[in-house]
Amino acid sequence: MSENKSAQNPVNLRLPDSSVRTFDGPVTGTTLASDIGPGLLKAALAIRVNGEVWDLSREIDADSDVSIITKRDTDEALDILRHDCAHIMAEAVQELFPGTQVTIGPNITDGFFYDFARDKPFTEDDLAVIEARMHEIVKRDEPIEREVWDRNTAIDHFKSIGEHYKAEIIGSIPAGEAVTVYRQGSWKDLCRGPHLPSTGKLGDAFKLMKVAGAYWRGDSKNEMLTRIYGTCWTDKKELKAYLHRLEEAEKRDHRKLGREMDLFHFQEEAQGSVFWHPQGYKVWLELEKYIRGRLGDDDYREIKTPQLLDSKLWEQSGHWSKFRENMFVVPDEVPSIDDDTPILSGDAKLMALKPMNCPAHVQVFKQGIKSYRDLPIRYAEFGCCHRNEAHGALHGLMRVRQMTQDDGHVFCREDQVTEESVAFCDLLASVYSDLGFPNFKVLLATRPDVRAGSDEVWDKAEKALEMALKARGIEFDYAPGEGAFYGPKLEFHLSDAIGRTWQCGTLQSDFVLPERLDATYIAQDGSKQRPVMLHRAILGTLERFIGIMIEHYAGRMPLWLAPTQAVITPITSDADAYATKVHAALEAAGLRADLDLRNEKINYKVREHSHAKVPAILVVGMREADNGQVSVRRLGSKDQTVLDLDDAIAALVAEGTPPNGEERSRETQANS
RNA sequence: GCCGCAGUGGCUCAGGGGUAGAGCGCGCCAUUGGUAAUGGUGAGGUCGGGAGUUCGAAUCUCCCCUGUGGCACCA
């Protein structure tokens with residue numbers, strides 16, 4: 001931190017427009033900005049130096065490419081603003097609640113959080129107070145200064161002021177890295193930076209959102225800290241837009257829509273399991289029918305396997321040792337009926353509700369002797385599984401304890417893994433497209449540290465999946481070490497209408513389970529061989545996927561999936577007879593239609609059915625009755641179209657016919 | 001499982017130590033209205049469960065359950 005700039009070499013700074021400014025010696029971003037102009041100085045937040053973002057106060061002592069960062073550089077600006085906002089929050093918290101320790105406070109999507117250690121956790125009521133203090137700190141416009149400290153000095157300092165977590169963090173900073181401390185007014189925090197030149201630059205476009213518990217270093221064995229989440233934007237308008245987005249997302253909440261549309265419910269006697277109502281189950285059945293059709297086209301054969309299986313099988317498959325804590329275990333015993341409560345002896349054989357279908361599918365495969373000529377064998381099952389998920393994990397349809405997977409297992413030879421994987425990727429892409437999710441990302445999760453099987457086998461397995469992706473030109477990223485213990489997997493993450501991603505599909509190649517459960521086939525040379533098992537699912541679970549679709553479509557399902565596809569309603573009771581006839585005609589055409597003959601005004605009925613998100617309202621009055629027509633009003637539109645009844649039915653039937661991926665498979669064939 | 005918050009009629013929510021309120025919905029009556037709420041009227045709850053404090057608790061305290069926002073978990 002030398003103040004002596006006289007006898008230094010000149011420093012040339014090249015700006016984004018390629019112009020170069022020369023200074024006598026080391027120069028700060030602040031000096032550069034003021035040299036360019038007062039407007040820029042005022043707007044400057046930080047400076048990019050040879051690609052790295054620096055504080056404005058940091059001296060640049062060598063020729064560099066630089067650019068001043070202002071709020072116009074949205075991404076960089078937000079990174080800095082949000083992190084400063086976290087610091088200002090921490091300062092406010094420590095001013096208001098002395099004795100609170102700070103830990104870490106990183107940026108996250110749309111905002112930041114900071115974890116504090118405090119005997120009494122913060123509550124939502126504290127947020128307004130903290131926020132008010134933050135605005136004060138911004139008003140104080142405290143200068144923020146970067147200091148490089150000696151590691152041990154820093155540790156001693158933070159220990160001496162009772163910041164034991166910070167001291168621990170410094171201890172874990174790699175040896176070669178500088179320990180930087182930022183001074184913000186009289187408040188200090190260990191931080192990598194960069195930061196704004198002063199708190200006043202933050203502005204007022206921030207808001208504290210919620211409090212939550214979080215484990216120190218993300219480990220549930222550690223103590224729980226108290227976390228405060230906040231959001232921060234370049235200006236008030238952006239903040240408002242963000243809050244509006246949250247409100248819009250809330251409106252799509254499948255739990256809310258599920259209640260409003262009478263699709264399903266939960267109750268405490270079956271926590272985590274869904275009661276599907278008639279309307280919701282129509283969606284389920286339609287989706288299941290569609291998937292069943294697609295699987296049939298790809299030569300899967302549907303099976304159905306038991307719910308309750310002996311623990312012996314789970315021991316053999318490996319689930320008993322690894323996944324037992326998530327399994328519902330049932331003693332195979334008749335409980336005593338002498339008392340009010342069932343008395344169990346405790347020494348009965350144990351059964352378990354299946355958490356997965358794969359061991360059962362192996363049992364089906366193992367019936368009879370299989371030849372290499374029989375492979376691949378593709379089994380599908382809408383397998384109902386139970387998993388004892390932690391109470392805190394349950395979340396509407398998205399995380400349930402009883403779930404139905406669109407599960408399937410392909411038993412094949414090693415040399416068939418790639419082509420089977422290609423076929424699966426094609427099927428999955430086509431299904432997602434049919435269901436309204438054309439965009440998805442793929443991750444290839446490779447071998448974890450703890451794994452079964454030799455490296456040679458893993459090489460083969462990973463390669464096979466990779467080749468499948470490349471064969472179809474599917475872009476993907478690696479997820480190193482994220483594979484299952486028995487084999488690598490592909491994860492398919494789809495994007496919904498409001499930009500969120502959901503992992504639904506999966507393809508896992510498994511060389512281990514066939515061995516554990518002793519599945520074999522007879523090879524061409526007469527030897528016994530192990531088949532490779534491909535675990536695959538497209539939707540994942542029906543429950544969760546329907547939840548995702550409800551939110552994706554905001555309840556406005558495409559016509560073929562809508563529980564009620566059309567409502568027919570007369571304007572006056574004079575048209576009741578005709579409306580009844582129209583209704584019968586729609587039902588005869590296979591459409592799911594309701595007839596609303598209630599004595600209500602048409603406005604009222606249109607409003608109600610629009611709220612119920614019925615895709616088509618067919619209004620008939622005497623005009624339509626006399627001409628054999630219907631007035632069609634589509635959901636989301638204020639317009640009406642008067643059509644001949646037959647034409648209207650034909651259009652609805654066409655739109656209500658489930659897609660079958662034909663378009664896509666034709667394209668695929670044309671391209672290959 | 002851990003931390004915070006919540007739990008009032010079918011739904012959304014107000015109230016808050018002296019024996020429960022609103023809107024919507026529902027029932028009934030009138031209204032036959034041309035595309036997002038016709039008018040009137042009536043019936044619904046003992047305030048998640050248990051214990052305690054109190055003359056008295058839905059309202060305060062404690063415990064439990066469930067939900068919810070996160071954390072951990074998600075084979």
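Naming convention: chains lettered A, B, ... in sequence-line order (proteins, then strands); numbering from 1 in each chain. Heavy atoms only: backbone and side chains are in, while hydrogens, waters and symmetry mates are out.
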Quiz item: Is there a donor on the side chain of R217(A) or the base of C71(B) sitting less than 3.5 Å from an acceptor on the other?
Solution: no

Quiz item: Whole-Å distance between G69(B) C1' and D253(A) CG?
Solution: 12 Å

Quiz item: Does a donor on one side chain sit under 3.5 Å from an acceptor on the other, for N357(A) and Q405(A)?
Solution: yes

For nucleotides 43-48 of chain B, give me every protein contact, N/O to N/O, under 3.5 Å, one pair per line with atom names.
none

Self-check item: Test item: side-chain donor near acceptor, Y578(A) and Q629(A), under 3.5 Å
Solution: no

Quiz item: Which pairs with one or both residues in residues 94-108 of chain A pass side chain to side chain donor-acceptor pair (under 3.5 Å), sequence neighbours excluded?
Solution: Q94(A)-E163(A), Q94(A)-W187(A), E95(A)-R133(A), E95(A)-R140(A)

Practice problem: Looking only at side-chain atoms of E389(A), point me to the closest of A72(B), C73(B), C26(B). | Solution: C73(B)

Quiz item: If you look only at pairs with a residue in residues 257-278 of chain A, which of them pass as a salt bridge (Lys or Arg N to Asp or Glu O under 4.0 Å), with sequence neighbours excluded?
Solution: K256(A)-E260(A)

Practice problem: Using the closest heavy atom to pick a nucleotide of RNA chain B for each, name whichever of Y229(A) or Y215(A) lands nearer the 5' end. | Solution: Y215(A)

Quiz item: Parallel, tilted or perpendicular: which fits the ring planes of F545(A) and Y432(A), with parallel below 30° and perpendicular above 60°?
Solution: parallel

Quiz item: Does F328(A) have any ring-ring contact (aromatic ring centres under 6.0 Å, His included) partners at least two apart in sequence or in another chain, and if so, which?
Solution: none

Self-check item: Rounded P spacing from G67(B) to A22(B) in Å
Solution: 31 Å

Quiz prompt | P-based separation of C2(B) from C64(B) [nearest Å] | solution = 9 Å

Quiz item: Nearest to the side chain of T123(A), which nucleotide is it out of C26(B), C5(B), U38(B)?
Solution: C5(B)

Quiz prompt | Q279(A) versus T564(A), side-chain donor and acceptor atoms under 3.5 Å | solution = yes

Practice problem: May I ask you to decide whether K210(A) forms a salt bridge with E124(A), counting only side-chain N to carboxylate O separations under 4.0 Å? | Solution: no

Practice problem: Take C384(A) and Q402(A) through the side chain to side chain contact (heavy atoms under 4.5 Å, CB included) test and state the conclusion after the steps. | Solution: CA-CA 7 Å; C384(A) 177; Q402(A) 179 191 300; 3.7 Å; yes

Would you list the protein and nucleotides 11-15 of chain B atom pairs, both N or O, that sit under 3.5 Å from each other?
residue, atom, partner, partner atom, Å
U12(B), OP1, R259(A), NE, 3.4
U12(B), OP1, R259(A), NH2, 3.1

Self-check item: All pairs passing salt bridge (Lys or Arg N to Asp or Glu O under 4.0 Å) where residues 401-410 of chain A contributes a residue, at least two apart
Solution: none

Practice problem: Please determine, by modelled atom types, if Q508(A) and T506(A) share a side-chain donor-acceptor pair under 3.5 angstrom. | Solution: yes

Quiz item: Do F275(A) and H265(A) have their ring centres less than 6.0 Å from each other?
Solution: yes

Practice problem: Answer with yes or no after comparing the ring centroid distance for W216(A) and Y165(A) against a 6.0 Å cut-off, counting only values under it. | Solution: yes

Quiz prompt | C1' atoms of G56(B) and U41(B), separation to the nearest Å | solution = 36 Å

Self-check item: Ring center gap for H83(A) and F112(A) short of 6.0 angstrom
Solution: no

Quiz item: CG of L394(A) versus P of G70(B): gap in Å, rounded?
Solution: 14 Å

Quiz item: Counting only non-hydrogen atoms, which of residues 219-228 of chain A are less than 4.0 Å from RNA chain B?
Solution: S220(A), M224(A), R227(A)

Practice problem: In whole angstrom, give the distance that lies between atom CD of E250(A) and atom C1' of U68(B). | Solution: 11 Å

Practice problem: Among the candidates G4(B), C71(B), A36(B), find the nucleotide nearest to the side-chain atoms of P121(A). | Solution: G4(B)

Quiz item: When the nearest nucleotide of RNA chain B is assigned to R598(A) and to G392(A) on a heavy-atom basis, which residue is associated with the more 5' position?
Solution: G392(A)

Quiz item: Looking at N603(A), does any N or O in its side chain come under 4.0 Å of the phosphate oxygens OP1/OP2 on A36(B)?
Solution: yes

Quiz item: Does the side chain of Y229(A) come under 3.5 Å of the side chain of R227(A) through a donor N or O and an acceptor N or O?
Solution: yes

Quiz item: Is the phosphate of G67(B), meaning OP1 or OP2, less than 4.0 Å from a side-chain N or O of H395(A)?
Solution: no

Quiz item: Does any pair with a residue in residues 594-631 of chain A pass ring-ring contact (aromatic ring centres under 6.0 Å, His included), and if so which ones, sequence neighbours excluded?
Solution: none

Quiz item: Looking only at atom P, what distance separates A14(B) and G50(B), rounded to whole Å?
Solution: 24 Å

Quiz item: What integer number of Å spans the P atoms of C24(B) and U31(B)?
Solution: 22 Å

Quiz prompt | Distance between C1' atoms of A51(B) and G40(B) (Å, rounded) | solution = 48 Å

Quiz item: For RNA chain B, what are the stems built from at least three Watson-Crick or G-U pairs in a row, each pair having both distances below 3.5 Å?
Solution: B:1-7 with B:65-71, B:10-13 with B:21-24, B:26-30 with B:38-42, B:48-52 with B:60-64

Practice problem: Would you check if there is a donor-acceptor pair between the side chains of T305(A) and Q363(A) at a distance under 3.5 Å? | Solution: no

Quiz item: Considering only heavy atoms, which members of residues 606-626 of chain A lie under 4.0 Å from some atom of RNA chain B?
Solution: V606(A), R607(A), S610(A), H611(A), V619(A), G621(A), M622(A), R623(A), E624(A)

Between the protein and nucleotides 28-32 of chain B, list the N/O to N/O atom pairs that are separated by less than 3.5 angstrom.
residue, atom, partner, partner atom, Å
U31(B), N3, N599(A), ND2, 3.1
U31(B), O4, N599(A), ND2, 2.0
U32(B), O2, S573(A), N, 2.6
U32(B), O2, S573(A), OG, 3.1
U32(B), N3, S573(A), OG, 2.8

Practice problem: Could you give the distance separating A37(B) and G21(B) at their P atoms, to the nearest angstrom? | Solution: 31 Å

Self-check item: Test item: D510(A) side-chain N/O and L513(A) main-chain N/O as donor-acceptor pair under 3.5 Å
Solution: yes

Quiz item: Hey, would you say the F122(A) and F97(A) ring centroids sit under 6.0 Å apart?
Solution: yes

Quiz item: Expressed as a whole number of Å, how far does the P atom of C60(B) sit from that of U8(B)?
Solution: 15 Å

Exercise. Give every residue pair that meets the salt bridge (Lys or Arg N to Asp or Glu O under 4.0 Å) criterion with at least one member in residues 543-554 of chain A, sequence neighbours excluded.
Key: R500(A)-E551(A)

